[in-house]
Amino acid sequence: MTTQSSEPTGTTPELQATSWLPLLVIVLAQVQMAFNVNAIPVSIGAIVDDLNVSPTSVGTALVVYSLFVAAFVLLGARVGKMIGARLAFQITVLAHGAAMGLMAISNDERMMYNAQAIAGLAAAVLVPSLVVLIAANYHGRQQAQALGILAGSVAVAGALAFFIAGFLATTLSWRVSFGMLVVMAIVVFILSFRLQPVARQTGIQIDFVGAILAALAIALISFGFNNLTSWGLVLARPDAPFALLGLSPAPFMVLLGLVVGQGFLAWSHQRVQKEKAPLISLEVVDEPQERSALWSLLIISTLGPAVNFLIPLYIQIVQDRTSLFTAVAVVPYTLAISFAAITVVRLYGRVKPKYIGSVAFAVVAIGLTLLAFVIRNEWGTPLVILSLIIVGLGEGSLVTLVFNVLVSESPPSLAGDVGAIRGVANNLATAVGTALASVLAITLLGLFVAGSLGQSSIPDSLKAQVNLDSVDFISNVQLTNVLGETTATPEQVDEAVRINSDARLRALKGSFLVLAGLALLGVFTSLGLPEYAPGEVPAEPPPEPA
């Protein structure tokens with residue numbers, strides 16, 4: 001749905017600049033949510049030691065948060081419309097802060113899961129309200145800049161979380177990081193009264209059937225993708241809760257989720273035909289430009305988590321570096337994302353969005369391809385850092401561009417729906433991207449290990465002592481310890497370590513090349529983006545001569 005304007009020529013009217021204080025409040029709320037998501041993985045070691053739980057349990061807490069956000073964000077957009085965006089913002093900021101307080105005092109994994117579930121429910125309402133508040137407080141070029149800053153703040157918050165949470169978990173306690181978020185929530189709540197009030201919309205109906213269908217579809221897809229590696233891509237692994245004729249249940253959950261998702265769309269169209277309000281207004285994706293923006297958002301939101309999964313895997317397993325070194329190493333990549341997300345708006349009005357999107361996807365593909373060819377067993381290669389910067393520049397540009405297109409193509413009354421779509425895309429793509437990278441890396445690793453073992457001098461008797469059906473990324477030290485419990489000779493251990501080192505690197509290289517191919521696919525989806533800058537009105541074609 002294209003926004004309407006009284007401007008006849010396709011230019012955005014110059015409006016009086018608004019104070020940036022409301023944006024600061026909105027960004028702080030975004031940082032509050034992003035800090036929680038990034039503080040969990042960087043504090044995983046400290047949480048495991050303190051609560052005496054497994055690393056998998058800590059990772060599950062993050063999955064719980066993402067599932068609750070993705071499953072209920074569409075419903076959260078409707079709630080925001082019913083009570084007003086600013087009030088929804090204030091309530092959920094405090095609720096999220098209370099959840100962080102519960103996280104800080106958790107004494108077992110159940111309390112941790114409850115805290116992240118509450119935080120996810122709060123974020124499901126908070127995420128759409130951020131977009132509504134930006135649309136209410138800013139207009140024209142200033143709105144585009146505000147959306148770019150909001151998109152870039154996620155990467156900045158991630159970098160801050162790695163440093164601050166990592167330092168506090170090492171020197172004081174991991175609980176201090178989440179206690180800080182309680183204080184931040186109170187500060188954001190106090191400052192939130194400087195936001196422009198947004199009147200609640202009367203007559204809002206909640207489609208409970210649609211809410212159930214949407215939540216079920218998203219949960220099935222997310223949970224299925226998250227367990228593709230542990231449960232098996234095709235054949236069921238021992239960790240799978242059950243098997244379907246020997247097959248893994250994970251891909252069947254994904255397929256069932258897609259079927260339920262189609263059912264949700266069909267149900268929504270049926271409600272529209274009966275002149276009833278669906279859970280989310282379908283007008284936000286009824287135009288080809290909006291669908292292209294949505295597909296582009298899904299692709300780049302999938303590539304980002306995939307890269308964020310593979311880079312730590314490369315640094316910590318292949319190079320045997322620490323988590324703190326990982327945080328330092330990804331700083332150029334993170335800063336590149338933030339820089340591009342904030343500054344790409346300067347190109348609006350000079351370059352058509354479809355050209356910006358196409359070039360940005362091509363830049364991501366070039367960076368990933370270069371990364372595949374230059375990674376080695378040492379980190380200090382300048383070309384590796386340069387490759388990550390190139391990927392970050394393209395990724396940051398796309399995140400802001402498609403976000404702006406979705407917001408500007410819809411009227412302000414549907415800003416909450418756009419925010420909900422963004423929340424679903426980001427959280428769903430996080431699960432898909434991480435699972436895609438994991439499956440690619442593990443599958444390629446297994447193929448390379450099997451091929452190298454077939455050509456090596458390692459006897460079949462030694463192969464039988466090692467479980468080759470569940471090949472995974474392990475360090476050379478771990479491999480040496482495993483082989484120390486077998487009949488392997490020192491020469492055979494050296495040969496196995498060589499095979500492991502070579503296979504890991506080749507698997508990562510192959511994974512980056514596949515992701516580069518996915519980025520090239522995004523070039524074609526971005527060609528459907530508008531030919532006019534976000535916020536502008538397309539020029540009317542000249543009338544045909546009589």
Side-chain angles (χ1 to χ4, degrees), residues 1 63 66-78 120 124 127-128 205-228 231 233-234 244-245 247-303 305 402 405-406 409-410 414 416-436 439 518 521-522 524-525 528:
M1 172 178 287
V63 174
S66 298
L67 280 177
F68 271 82
V69 177
F72 295 103
V73 69
L74 298 180
L75 181 61
R78 307 298 291 181
V127 167
Q205 301 175 350
I206 295 181
D207 176 13
F208 288 103
V209 174
I212 294 173
L213 289 175
L216 182 60
I218 293 169
L220 286 170
I221 295 173
S222 300
F223 207 65
F225 268 109
N226 268 309
N227 290 283
L228 279 174
W231 292 357
L233 180 61
V234 179
L244 300 172
L245 301 176
L247 300 177
S248 169
F252 288 99
M253 291 182 69
V254 174
L255 291 175
L256 182 58
L258 293 174
V259 172
V260 176
Q262 288 296 318
F264 165 72
L265 293 177
W267 171 261
S268 300
H269 282 291
Q270 183 180 4
R271 285 185 64 86
V272 172
Q273 292 175 356
K274 293 181 178 180
E275 298 183 353
K276 296 182 179 180
L279 182 65
I280 186 169
S281 298
L282 300 178
E283 292 93 333
V284 297
V285 289
D286 65 348
E287 295 290 337
Q289 296 92 340
E290 295 165 335
R291 289 193 291 270
S292 294
L294 180 59
W295 279 112
S296 298
L297 177 61
L298 286 170
I299 292 176
I300 196 59
S301 297
T302 299
L303 288 172
V402 296
V405 169
L406 285 173
E409 288 289 303
S410 301
L414 297 182
D417 297 74
V418 174
I421 288 289
R422 173 179 175 249
V424 171
N426 286 340
N427 286 275
L428 190 59
T430 297
V432 174
T434 304
L436 174 63
V439 169
L518 181 59
L521 179 63
F524 296 99
T525 63

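Quick caveat, the model's predicted, so the values are computed rather than measured.
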Scan the side chains in residues 257-265 for donor-acceptor partners under 3.5 Å anywhere in the protein, sequence neighbours excluded, and list what turns up.
none

Self-check item: Identified side-chain contact (heavy atoms from CB on, under 4.5 Å) partner of Ile299 from the options Leu303, Thr302, Leu297
Solution: Leu303

Self-check item: Residue list, side chain to side chain contact (heavy atoms under 4.5 Å, CB included) with Ser292, at least two apart or on another chain
Solution: Leu529

Which atom pairs, donor and acceptor, lie under 3.5 Å between side-chain atoms of residues 211-221 and protein residues at least two apart or in another chain?
none

Practice problem: Please name all residues satisfying side-chain hydrogen bond (donor to acceptor under 3.5 Å, both in side chains) with Trp267, sequence neighbours left out, ordered by chain then number. | Solution: Asp207

Self-check item: Qualifying residues under side-chain hydrogen bond (donor to acceptor under 3.5 Å, both in side chains), relative to Ser301, sequence neighbours excluded
Solution: Asn426

Quiz prompt | Least distance between heavy atoms, Trp231 atom then Ser248 atom | solution = O-OG, 3.3 Å

Practice problem: Return the minimal non-hydrogen interatomic distance between Gly224 and Ala250, and the atom names on each side. | Solution: O-CB, 3.5 Å

Exercise. Quick one: pull up OG1 in Thr525 and CG in Leu298 and give me the separation to the nearest 0.5 Å.
Key: 9.5 Å

